[in-house]
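The structure appears right after this line, and notes come after that.
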Amino acid sequence: MTDNRIGTSVRRWDRHGREHVVRVERAGLQRTFGCGTCDWRRGTRHLPWTPTDEHPAREHLAEAHQATLDPARR
């Protein structure tokens with residue numbers, strides 16, 4: 001499964017063609033997921049990109065922005 005990572009980000013497009021990106025923000029040892037479209041933030045203690053479909057970044061993009069189109073599969 002591809003995450004479409006560019007650096008440490010997940011990119012998805014909604015049905016209107018708008019791009020939505022969630023990036024990992026680092027401050028020392030702490031890592032936080034941050035959405036570029038809204039003010040959503042979520043801390044994480046684990047490696048940020050996991051191979052499961054239940055990844056917090058993908059869940060947020062699908063639920064909050066209906067952004068499910070994976071650019072690798074366009």
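Just so it is clear, the model here is predicted, and its values are computed rather than measured.
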**OP:** Report the residues that fulfil side-chain hydrogen bond (donor to acceptor under 3.5 Å, both in side chains) with Glu19, sequence neighbours left out, ordered by chain and then residue number.
**Re:** Arg11
Subject >> Residues His20, His60; criterion side chain to side chain donor-acceptor pair (under 3.5 Å); working and verdict >> reply: CA-CA 10 Å; His20 301 273; His60 170 73; over 6 Å; no
**OP:** Compare all side-chain heavy atoms of Val21 with those of Arg23 and state whether any distance is below 4.5 angstrom.
**Re:** yes
Original post:
Looking at residues at least two apart in the chain, or sitting in another chain, which of them share a side-chain hydrogen bond (donor to acceptor under 3.5 Å, both in side chains) with Arg42?
Top reply: none
**OP:** Return the minimal non-hydrogen interatomic distance between His65 and Asp14, and the atom names on each side.
**Re:** O-CB, 3.7 Å
Original post:
Between Gly34 and Arg41, which heavy-atom pair has the shortest distance, and what is it?
Top reply: CA-NH1, 3.2 Å
Original post:
Below 4.5 Å, heavy atoms only, C-beta onward: do Val22 and Trp40 meet side chain to side chain?
Top reply: yes
Subject >> Val10 side chain near Leu61 side chain, heavy-atom distance below 4.5 Å >> reply: yes
Original post:
Could you give the distance from CG (Asp70) to CH2 (Trp13), rounded to the nearest 0.5 Å?
Top reply: 8.5 Å
